[in-house]
Every structure is written in structure tokens, then in C-alpha cells.
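Every chain is numbered from 1 and lettered A, B, ... according to where its sequence line falls, protein lines coming before strand lines.
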Protein chains: 2
Amino acid sequence: MSLSEKNLAFVMHCGEMGSRWGFNRTIGQMCGLLTITKEPMTANEIADTLSISRGNVSMGIKELQSWRLIKVHHIPGDRKEYYGPAGSIWDMANRVFEERKKREIDPTLSLLRDNILEEAHNDDERFAQQQMQEIHDLLETVTKWSAELQRLSPEQLQSLMKLGSGIGKVLDFKDKILKKPGKE
Amino acid sequence: MSLSEKNLAFVMHCGEMGSRWGFNRTIGQMCGLLTITKEPMTANEIADTLSISRGNVSMGIKELQSWRLIKVHHIPGDRKEYYGPAGSIWDMANRVFEERKKREIDPTLSLLRDNILEEAHNDDERFAQQQMQEIHDLLETVTKWSAELQRLSPEQLQSLMKLGSGIGKVLDFKDKILKKPGKE
DNA sequence: ATTAAATTTCTGAAGTTTTTGAATACAAAA
DNA sequence: TTTTGTATTCAAAAACTTCAGAAATTTAAT
């Protein structure tokens, strides 16, 4: 199997970005490749297409599975495993975000909580705690929002996404409405 | 200078997270340290506190400046440079986000655009293009939204942040309101 | 100009991560 | 049970990143 020039460029780009998203180059490439390939691929096809070793592909598959980004397909009468993306682009983006939250934000939050509970003994410590409190609040907001986004129906999401610069206006509405007695 | 046990834990944690945010361990530590330290520090103080070489600190400073996360202070009659955070926690988070957008999202978007403009010659290419289109749209939405967030007034932002699960309701309001003739 | 204080750059050593490919394990078919 | 096609593991090699400390440079004071 071989890729068109443009598709190859995309896959290589995914490799370069890979480490930014939390995995390494090869795994990034694999993820990109499987995402733009219509039919699920075997491990050998992946190895050939990307010119990497079979062992490396095996590792990559395991990793991508742990991120729940790819899933296995089977073809009756064929004992090879075929791999394809685990969902829509939006699903995949969500998975990456969720997984990174688990690995980065959650541990940070718990460390910050520990720290904030401690009593401050002097001005410097007080300052440090204030800053940590702010980081904590920020991260918590991000967490709350990401959970919120996942709870929205696709239509609501669509609606929200299209909102763009309308958000300011909507906020103003909301304030007006909520200020009226008897609401919320 | 030396850090309390808890503060040290925070700084070290920043180091571990550092690479996730786009820089390396030492630079992460430096960023954490400067963020929770009330008074701006000299390069030598940083080196001593973190037990790293002076040269390393110099590199780190340059990098953190390129991210616009720290700024220099001067004390009259003292030729040393003193470094402190470049703004509030929210500012800094914004900077990191903005900078990463510039380094990751923007190049990806332009590659995707190139690719989407090309004509598809067969089914596989058509599928690849569809997927890329979806990624493109998603990234563009993220871009639009982040710009939007930065345009909001602090009060609006506050209001939005507190919204949480209220977002669903507000969207419903919006739909109702916008459906009425004579609005928007 | 000279000196002294401070910062930056550079290099190779040390450390870390990634990759390969051979060995191993597994599971279905013969 | 053996063979065969497949997937996984693992140790060693390669590639990459980070770092300390020496050398070079800049800056400011005398």
C-alpha cells in the first residue's frame, strides 16, 4: 500500500505533531494513517506503508488502544486483525482531551489541593498559595466545562459551536433573564 | 534561597508536566518557581534554588521569554536582571494556549487546507479528504472560540465560567429568542 | 581603556526515548 | 500434534534531548 503525496504529507505531519498530543512520532503517524484510510488496515500494511518495523507497529497499536483511538475489525475466515479509527473525528479529539486530562490535569489538581489545605506561615507562603489557588480554580473550570461539553446533545453542541461571537450577546440575555425574580 | 517542602513539590511537579505543556523539565520548574515566588528572582537565585547550572537557566529564560511567560524587572543601582511572571495565572494560561495554537494548530490548518483544495481522484482519496475536512472544521472552531474568549470582558468571562451546566439551558433560551421574528 | 559583573553560547557527556529485529508466544488449521 | 500464519515481547542499538561547566560575549562602572 502506498499513499498519495498529499496524504503522505498529512501522515508525516501527524507524526511531527504526535509528541505534542501525548504520544511519539510513529504513533502519531499511525493514528493519522488509520484516520484517513477508508478500510481498516493490518499491522503489516501499516508497517509497510510507514516503513517501520513490525514490532514498533505492535507497540503503537497497544498504545493507541489504550487511548481508545482505534479499534479492531475481523474478517471472517481471515485471522489477521484489521485496525481502524474508533469513532468520528470529534470522538477522537474528545478521547485525546479526556486522556490528557486524566494524565495531566487530575494529578495536578490533587497536588494543588494538598498544598492549599496546608496553612501558610508567612507572606511568601501566602503568595504561593494564592497563585496555586488560582491555578486550581482555572483547572477546575476547564474540567467542569469539558464534562459539560460531553453531556450536550449533538444538536446543542452544533448550536454552541456556531455561536462564536454571539456568545457575548447570549450572556447578556442570560443575565437579564436570570435577574428577573422567579427564574433559576 | 530555599523552598518549603510543599512548594518544592509543586515546582517539581511543574517540571514533570513541563514537557506536556511544550517545554522541558527544567523550564517547567523555572516557570513554576517564578509563578509562586512573590519577588522576582535573579538567574543565579533560580540556578541555586533548583540546583541547575547557570547556563541552563539562561537558556530557560530565553525560552520562557519567547513564550511571553516571564518578564524582566530592574532595580535601580543593581545591574542584575530580576525575573517574574508576565501576568496573572489566566494571562499565562492564555499565553501557553495561544503559543501552542501558533505552533501546532495553525500549521496543521494550512496543511489541511492545501489538501482539501486538491481534487480527489478516487474513493479512498475522497474519504481521506472528508476526514481532513472534519479535522479542519474542528480546529477552526477551536480557533474561533479561543479568539472569542479573549475578546470577552472579564465580567462576561466570569459569567461564562460560572455557567457550567447552565449552558444547556442558555442554549435553549437562545434558540427560543433567536427564533422570534425581528431578533438578531 | 580597563576591569569586573553579569549573561549567553557552545560542546561533549550523560540520560532518555524510540526503534529494530530476533526470539517467543499464541491460536487456528491441517 | 504439528505446522503455519500471526502477534507480542524484549534486549540491544540508534537517535534524540538535556545538562553542566568552560569559554566567549556583553554591559556597565571606574
*Asks:* Expected output is a numbered-order residue list: members of residues 70-82 of chain A with a heavy atom under 4.0 Å from any atom of DNA chain D. What is it?
*Replies:* A:Arg79, A:Lys80, A:Glu81
*Asks:* Return the value, rounded to whole Å, for the distance between atom CG of B:Asn56 and atom C1' of C:dT11.
*Replies:* 14 Å
*Asks:* Whole Å only: how far is the CG atom of A:Asp48 from the P atom of C:dG21?
*Replies:* 13 Å
*Asks:* Consider the side chain of B:Arg54, meaning its heavy atoms from C-beta on, and name the nucleotide among D:dT8, C:dT8, D:dT18 that approaches it most closely.
*Replies:*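 The answer is C:dT8.
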*Asks:* So if I take every side-chain heavy atom of B:Thr26 and compare against D:dC19, D:dA7, C:dC10, which nucleotide ends up nearest?
*Replies:*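 Closest nucleotide to the B:Thr26 side chain: D:dC19.
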*Asks:* Calculate the interatomic distance between A:Ile61 atom CD1 and D:dT9 atom C1'; express it in whole Å.
*Replies:*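 Taking CD1 of A:Ile61 and C1' of D:dT9, I get 14 Å after rounding.
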*Asks:* Report yes if at least one side-chain N or O of B:Asn24 is closer than 4.0 Å to OP1 or OP2 of D:dC19; otherwise report no.
*Replies:*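 Indeed, a polar side-chain atom of B:Asn24 lies that close.
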*Asks:* Would you say A:Ser53 and A:Asn56 are linked by a side-chain donor-acceptor pair, where the criterion is simply a distance under 3.5 Å?
*Replies:*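 Distance-only check fails for A:Asn56 and A:Ser53.
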*Asks:* Give a yes or no on this: more than 12 heavy atoms of other residues, nucleotides or ligands lie within 6.0 Å of atom CH2 of A:Trp21.
*Replies:*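 For A:Trp21, atom CH2 is not crowded (no more than 12 foreign heavy atoms under 6.0 Å).
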*Asks:* What integer distance in Å separates B:Met59:CE from D:dT18:C1'?
*Replies:*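 Result: 9 Å.
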*Asks:* State whether A:Trp67 and A:Arg100 meet the cation-pi test: NZ (Lys) or CZ (Arg) under 6.0 Å from the six-membered ring centroid, and within 45° of the perpendicular axis.
*Replies:* no
*Asks:* Scan B:Ser19 against the nucleic acid and name what it touches under 4.0 Å (heavy atoms): base, sugar-phosphate only, or nothing.
*Replies:*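 Counting heavy atoms under 4.0 Å across all strands, no contact is made by B:Ser19.
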*Asks:* Expressed in angstrom and rounded to an integer, what is the separation of B:Gln65 atom CD from C:dT7 atom P?
*Replies:* 11 Å
*Asks:* By nearest atom, which of the nucleotides C:dT20, C:dT7, D:dC19 is closest to the B:Ser58 side chain?
*Replies:* C:dT7
*Asks:* Calculate the interatomic distance between B:Asn44 atom CG and C:dT8 atom P; express it in whole Å.
*Replies:*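 Atom-to-atom, B:Asn44 to C:dT8, this comes out as 12 Å.
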*Asks:* D:dT17 C1' sits how many Å from B:Glu16 CD, rounded?
*Replies:* 17 Å
*Asks:* Starting from P on D:dT26, measure out to NZ on B:Lys62 and report it in whole angstrom.
*Replies:*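 Taking atom P of D:dT26 as the reference, NZ of B:Lys62 is at 13 Å.
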*Asks:* Any side-chain heavy atom of A:Glu119 within less than 4.5 Å of one from A:Glu125?
*Replies:* no
